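Presented below is the structure to which this report refers.
For the numbers below, each heavy atom of this structure counts, side chains included, while hydrogens, waters and symmetry mates do not. Owing to the predicted nature of the structure, the values given are computational and were not obtained by experimental measurement. Letters go in sequence order (proteins before strands), and every chain restarts at 1.
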Amino acid sequence: MLARRDMGKLTFLDLVDRSGRIQLFCEQSVLEGLDLDLGDIVGAIGRSMKTRRGEPSLRVGELEPLAKIRLPLPDIYHGLTDVETRFRKRYLDLLVNEETRRDALLRARMVSSIRRRLDEQGFVEVETPVLQPRYGGAFARPFVTHHNELDQDFYLRIATELYLKRLIVGGLERVYEIGKDFRNEGVSYKHQPEFTMLEWYEAYADYRDTMARIETLVEAVALEVIGSTKVSFRGADIDLAAPWRRLRLPDALEAEGLWTRDEAELRRRLEARDVDVSHDQTWAQLIDHALSAFIEPTLVQPTILHDYPIELSPFARTTDEDPTLVERFEYFIGGMELGNAFSEINDAVDQAERFEMQQSARDAGDVLAEEGDPDYVEALSYGMPPTGGLGLGIDRLVMVLTGRETIRDVVLFPALRSSRE
RNA sequence: GGGCCGUUAGCUCAGCUGGUAGAGCAGGGGACUCUUAAUCCCAAGGUCGCAGGUUCGAUCCCUGCACGGCCUACCA
């Protein structure tokens, strides 16, 4: 019960639930002996009617209190705007801000739409370990925890990649997982320490098949969930309809005058553009930096950026034309990376060599470069079919579909520092 | 990590040049049989984020701290 208008012997109440709002029309006798406050939960039985002003209402015959509010509700008219309170007490945000409720439901519909479509396309949903003895599948710092009985440290997964591909080795052929990944890094409008990731792996597919699958998936999900492929995000009008623009990464950098294999030269060119490259130890890190500073922000309409340097991509197979490039793409919407995909390396020897390349990068000071995973290499030794794999940041797609500008708005309980109370 | 900004009643917000704080909503009491941000009357509601400092006097000026926001840096 979120509004009450007393007219002497007549009382109008607004009852709100997930399905919307209905006005209750109560005569004095119905409310006799009841102590009703805004925020109370009540059940009402009555007949539908229209008031003189034409408002559809329920003429209440019986009103039953179901739950008593004990603390005052935030201002219904102004809503709850204090950002910190909205995040810490999301239940209040949901109670008084309709858009919050709407977007929470939209997220749920989006995830089930994705799930349903993948299921229909022959994918099998699986669950892989969150606690992993070694972490991999992404360049990120992990959270570490400890198992007492086993007396062993575990990492909270930064990706599901390496376990899912073991399932491809095992013959499941099309698998996916939707779950939380954990990365022990900074927070921003598009980063949270725990976030929801979709990864799928498809045997007998390559990155071109995967491009088609993701762009048609996003298009279909948008149509189903918001009824349109057109969205407004961060001040831009965006059309999610397939096919998406394709752009080779070397071409994109070349157009900016930033495509060179010469590390020192690339460093000079970036410095000339006032980029702080002091933290970048390797050519790969410099390229990555150039990409995020000069290319990513320009990719507002959905864009598939493909053919990455081998140094950035320890799990992607090389292109047929150029052994220094791999069959990998990232896709961007609204100047934000939504996900990453590639034709997987399916040869154990190739994979072992890539881990060695990554070890060299670590030795050169890139602390995020992949550590090897001998157990994974062993799995590949039993033969993995050619496979297309993809990751999708679920939270970020929710941002795009809802038009919310920060990831904290699409995660119900975002990570905040504890307040000392 | 750095810079800037914010924190006043349960909520939304005022508060001038330093003189111990106001409103609306919610909550309490009252009037009203068609309201819908209902209206009207009455009363109540405060560790001005926390701790110091300057001052005769601090919500206001200064310092530190906490939490939050934006930018930046870091970051698949």
Side-chain angles (χ1 to χ4, degrees), chain A residues 2-15 21-29 35-40 49-57 59 69-89 92-93 95-97 136-141 158-159 161 181 183-193 195 197 199 274-280 284-285 288-289 291-293 296 305 308 312-315 328 330-332 336-342 366-370 391-393 396 405-406 408 414 416-421:
Chain A
L2 285 183
R4 170 177 187 149
R5 294 172 295 279
D6 270 304
M7 291 296 306
K9 290 174 182 145
L10 260 192
T11 298
F12 299 90
L13 303 176
D14 284 353
L15 210 55
R21 173 181 294 255
I22 180 89
Q23 175 170 275
L24 304 186
F25 180 99
C26 304
E27 297 192 71
Q28 194 173 31
S29 57
D35 172 30
L36 276 184
D37 290 314
L38 297 196
D40 281 352
M49 64 167 286
K50 275 197 177 179
T51 61
R52 277 180 211 161
R53 298 255 178 117
E55 176 79 15
S57 306
R59 180 187 290 275
I69 189 166
R70 300 294 184 189
L71 286 170
L73 221 49
D75 193 304
I76 299 295
Y77 178 62
H78 296 95
L80 180 67
T81 63
D82 182 80
V83 176
E84 187 174 352
T85 310
R86 287 208 302 120
F87 295 159
R88 291 195 197 276
K89 304 185 180 176
L92 291 179
D93 188 25
L95 275 174
V96 303
N97 292 329
F139 296 144
R141 291 187 186 82
I158 60 174
E161 169 151 1
D181 286 348
R183 297 185 183 174
N184 203 342
E185 286 166 353
V187 298
S188 77
Y189 78 91
K190 54 184 175 180
H191 293 95
Q192 273 279 298
F195 60 99
M197 180 82 118
E199 287 192 39
D274 291 326
V275 177
D276 176 8
V277 289
S278 58
H279 296 276
D280 301 319
Q285 287 177 319
D288 204 26
H289 206 149
L291 184 61
S292 50
E296 182 168 358
L305 189 67
Y308 277 57
L312 269 62
S313 316
F315 299 106
R328 171 186 176 189
E330 294 187 302
Y331 49 106
F332 300 83
M336 177 173 73
E337 182 204 334
L338 268 276
N340 181 25
F342 31 86
D366 182 352
V367 295
L368 295 179
E370 286 279 343
L392 166 67
R396 291 184 181 179
E405 302 218 334
T406 84
R408 290 184 308 261
L416 294 180
R417 208 180 296 267
S418 308
S419 58
R420 291 192 316 172
E421 281 185 304

Regarding [X], tell me which of base, sugar-phosphate or nothing describes its non-hydrogen contacts under 4.0 Å with the strands shown.
X	result
A:Gly79	sugar-phosphate
A:His191	base
A:Asp288	sugar-phosphate
A:Leu92	nothing
A:Arg408	sugar-phosphate

Taking the side chain of [X] as its heavy atoms from C-beta onward, which of [options] lies nearest to it?
X	options	value
A:Glu84	B:G68, B:C25, B:U36	B:G68
A:Arg53	B:U36, B:C70, B:A37	B:U36
A:Val83	B:G69, B:C34, B:A37	B:G69
A:Leu80	B:C11, B:C32, B:C74	B:C11
A:Lys9	B:C67, B:U33, B:G24	B:U33
A:Phe12	B:U12, B:C34, B:C32	B:C34
A:Leu416	B:G24, B:C34, B:G69	B:G69

Is any N or O donor-acceptor pair between the side chain of [X] and the base of [N] shorter than 3.5 Å?
X	N	value
A:Asp75	B:G10	no
A:Gln23	B:U35	yes
A:Thr51	B:U35	yes

Provide the Watson-Crick or G-U wobble partner of [N], both distances under 3.5 Å; none if there is no partner.
N	value
B:C60	none
B:C11	B:G24
B:C48	none
B:C67	B:G6
B:G1	B:U72

Nearest-Å distance once atom [atom1] is located in both [N] and [M]:
N	M	atom1	result
B:C34	B:U17	P	49 Å
B:C75	B:A9	P	41 Å
B:C74	B:C61	C1'	36 Å
B:U39	B:G24	P	11 Å
B:G57	B:G69	C1'	34 Å
B:C41	B:A23	P	13 Å

Between atom CG in A:Asp280 and atom P in B:A73, what is the gap in whole Å?
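Roughly 12 Å, once rounded to whole Å.
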Both A:Ile76 and A:Asp276 contact RNA chain B. Which one's nearest nucleotide lies toward the 5' end?
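It is A:Ile76, whose closest nucleotide lies nearer the 5' terminus.
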Would you mind telling me which residue lines up with the more 5' stretch of RNA chain B, A:Phe25 or A:Leu38, judged by nearest nucleotide?
A:Leu38
Below 4.0 angstrom from OP1 or OP2 of B:G68, is there any side-chain N or O of A:Arg88?
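So the side-chain polar atoms of A:Arg88 do come within 4.0 Å of the phosphate oxygens OP1 or OP2 of B:G68, strictly under.
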Is the phosphate of B:C67 approached by A:Arg417 (side-chain N or O, under 4.0 Å from OP1 or OP2)?
yes
Short question: side chain of [X], backbone of [Y] - any donor-acceptor pair under 3.5 Å?
X	Y	answer
A:Arg4	A:Leu36	yes
A:Arg328	A:Phe342	no
A:Glu185	A:Arg141	yes
A:Asp93	A:Phe87	no

A:Arg5: what forms a salt bridge (Lys or Arg N to Asp or Glu O under 4.0 Å) with it, not counting sequence neighbours?
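By the salt bridge (Lys or Arg N to Asp or Glu O under 4.0 Å) rule, A:Arg5 matches A:Asp14.
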